[in-house]
Structures are given as C-alpha cells and as structure tokens.
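To start, the structure under review is shown below, and the notes come after it.
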Amino acid sequence: MRVASGKAMEMLLYLKDFVKAGVKTMDLENACEEKIREVGNMKAAFKGYNGFPYCLCVSVNDEVVHGMPSERQLKENDIVSIDFGLLYEGYYGDVAMTYAVGGISKATRKLLEVTEKALYRGIDEAREGNRLYDISHAVQECVEGERFSVVREFVGHGIGRSLHEEPQVPNYGTKGTGLRLKAGMVLAIEPMVNMGKSEVYIKENGWTAATKDGSLSAHFEHTVAVTGDGPVILSRA
Ligand code: MG
C-alpha cells in the first residue's frame with residue numbers, strides 16, 4: 001500500500017508542472033494516462049469505477065470533487081483539485097491536492113492552507129486507541145475555526161484491496177465517538193472544504209459535485225496507516 005500510495009502521490013506531483021493558465025483539464029488526464037503507460041505495472045483506480053470514464057478527477061474552483069477532465073482551459077487565479085487513485089499489485093492508494101493556477105488571492109491561498117492543515121490535524125488523530133470521529137472532529141474544528149465549511153455529502157474511507165472500504169471517514173463528528181482505531185487500519189483522509197456554505201449539488205454530468213453558493217472548494221487527501229507508533233502517511237512520494 002505504501003508503494004501504491006507513494007506512486008499515486010508521485011503522479012500528483014508530476015502533474016503539478018502541467019497546471020498553468022491555458023492548459024485544458026483534459027491535458028492533465030492525457031499526461032496522466034501517458035505516464036501510466038510509460039511506468040507500467042499500475043492501473044488508474046477511478047477509470048471504470050461505477051462507470052467513471054477518466055483516470056483523474058479534476059475539479060476547478062467551485063467544483064468540490066468528481067470533476068471530469070474536459071476542454072475547459074485553466075485561467076490565472078483558478079484553483080484546481082486533482083484526485084488520483086492507483087492500483088498496484090492488488091492494493092490501492094488514493095491522494096488529492098488542490099493547486100493554484102498562477103497567482104491567487106490571499107483569501108484563496110488561505111482556503112488551500114487551511115484545507116491542507118485540516119488534513120494533517122486529522123491524520124494526527126489516526127492513532128491506535130483513538131476513536132474514528134476524533135479524526136473527523138479535528139478536521140471540522142480546524143476548518144470551522146477559520147470560518148470555512150466542511151462538505152458533508154462526501155467523506156474519506158477505508159482503503160486496501162478495494163478503493164473504498166469501511167469505515168467512512170466524515171470530515172465532521174463528535175470527539176471520543178465512533179469505532180476504536182486499531183493498528184493495521186488504513187484510511188484515506190480527505191477534507192473537502194468550501195470557502196462559503198457547506199451545501200453542494202451534482203452537475204448535469206451526474207458526477208461532479210459543486211458548491212451551491214458558487215464559492216471555491218479545496219480538497220487534500222492522504223492514505224494513512226494506523227500503527228502502534230502513530231499515524232504513518234503511506235502516500236509520500
Ligand atoms: Mg478518496
């Protein structure tokens with residue numbers, strides 16, 4: 001799982017160089033597919049999952065998750081969330097990151113920073129003996145403390161031989177509740193954070209979630225193992 005997750009993160013970092021004004025989101029998809037072919041021995045986890053047709057989820061600005069690569073061109077000041085899952089020798093890794101396209105405003109920068117910080121707060125609670133919603137609570141507290149909101153309709157998840165396993169890992173919850181975390185569990189922790197209100201809707205393509213109020217949304221994700229020695233981020237490049 002460390003290899004699967006690490007390679008998934010390497011892909012995200014590889015794609016970062018492609019994120020520029022004028023680039024189409026489909027260019028990112030094509031770059032990803034080409035890289036997979038070149039490297040070999042790994043499979044994009046999302047392509048074909050419940051009929052999703054692409055390797056990447058590329059969500060721009062008010063899009064939260066499950067954005068579809070398209071002819072849309074990125075512009076200066078956009079933010080783009082790239083979510084990528086990988087299958088390697090029977091195991092899955094799942095990662096996401098939001099990139100800025102060129103210079104972005106201070107407020108937008110803050111959204112990205114807080115979402116990433118919330119991810120690490122959540123990860124820090126992924127410890128043997130803690131409760132599941134300790135993770136959720138830590139994420140929520142970090143986000144709401146900065147007056148942003150967490151998306152409720154989509155959640156993190158267990159991961160392993162399947163892309164999505166039990167338990168669900170919401171980004172909101174009550175500290176000290178939920179199942180007890182045990183060494184060996186692996187979780188995809190993934191705060192989805194809106195600058196405005198938390199409500200989302202699904203676009204006409206039937207997949208893409210976007211904020212109802214049109215506010216920007218960011219998404220960061222790591223695949224994390226619970227061990228006897230604390231959380232281990234498996235998705236290090
Ligand atoms: Mg995920």
Side-chain angles (χ1 to χ4, degrees), residues 1-13 15 28-29 32 36 42-59 63-69 80-88 90-99 112 115-116 118-123 125-126 132-133 135-136 138-140 143 150-173 178 181 185-194 200 202 207-210 217-226 231-237:
M1 292 198 70
R2 193 193 290 274
V3 176
S5 307
K7 284 179 183 291
M9 183 55 78
E10 280 168 26
M11 178 65 82
L12 277 197
L13 297 175
L15 293 172
L28 302 174
E29 171 72 13
C32 176
I36 289 171
M42 56 189 201
K43 191 176 167 290
F46 302 164
K47 194 165 184 167
Y49 188 90
N50 289 337
F52 189 81
Y54 301 108
C55 300
L56 298 177
C57 292
V58 185
S59 307
E63 294 176 345
V64 178
V65 286
H66 306 158
M68 287 198 179
V80 56
S81 301
I82 306 179
D83 193 348
F84 180 61
L86 188 64
L87 174 62
Y88 176 82
Y91 290 92
Y92 285 88
D94 195 358
V95 294
M97 224 186 284
T98 302
Y99 293 130
L112 270 49
T115 307
E116 190 169 22
L119 168 60
Y120 285 99
R121 290 281 168 81
I123 289 171
E125 297 296 327
L132 179 64
Y133 300 144
I135 298 172
S136 311
V139 170
Q140 182 180 18
V143 169
V150 293
V151 171
R152 288 164 184 261
E153 284 88 343
F154 298 93
V155 295
H157 49 94
I159 179 167
R161 286 189 173 276
S162 303
L163 177 61
H164 295 122
E165 297 182 353
E166 291 298 318
Q168 295 197 347
V169 186
N171 293 304
Y172 61 94
L181 299 177
M185 289 177 169
V186 182
L187 305 171
I189 303 176
E190 48 177 323
M192 289 149 262
V193 176
N194 298 348
V200 302
I202 304 296
W207 277 101
T208 307
S217 188
H219 181 204
F220 284 80
E221 175 178 25
H222 268 307
T223 298
V224 180
V226 177
V232 174
I233 298 175
L234 298 180
S235 45
R236 294 266 189 220

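Order of appearance sets the numbers: ligands from 1, and atoms from 1 within every ligand.
For a distance bound of 2.8 Å, the N, O or S atoms of Glu190 include one lying that close to the Mg ion (ligand 1). The distance from the Mg ion (ligand 1) to the nearest N/O/S atom of His157 is under 2.8 Å.
Listed by chain and residue number, Glu33 satisfy the salt bridge (charged side-chain N to carboxylate O under 4.0 Å, His left out) test with Lys47 (two or more places apart in sequence, or in another chain).
With hydrogens and angles ignored, the 3.5 Å screen pairs no side-chain donor or acceptor of Thr223 with any backbone N or O of Gly93.
Atoms NE2 and OH, from His164 and Tyr49 in turn, are 5.0 Å apart once rounded to the nearest 0.5 Å.
With hydrogens and angles left out, the side-chain atoms of Arg161 and Tyr91 include a donor and acceptor closer than 3.5 Å.
The angle that Glu221 OE2 and Asp94 OD2 make at the Mg ion (ligand 1), rounded to 10°, works out to 90°.
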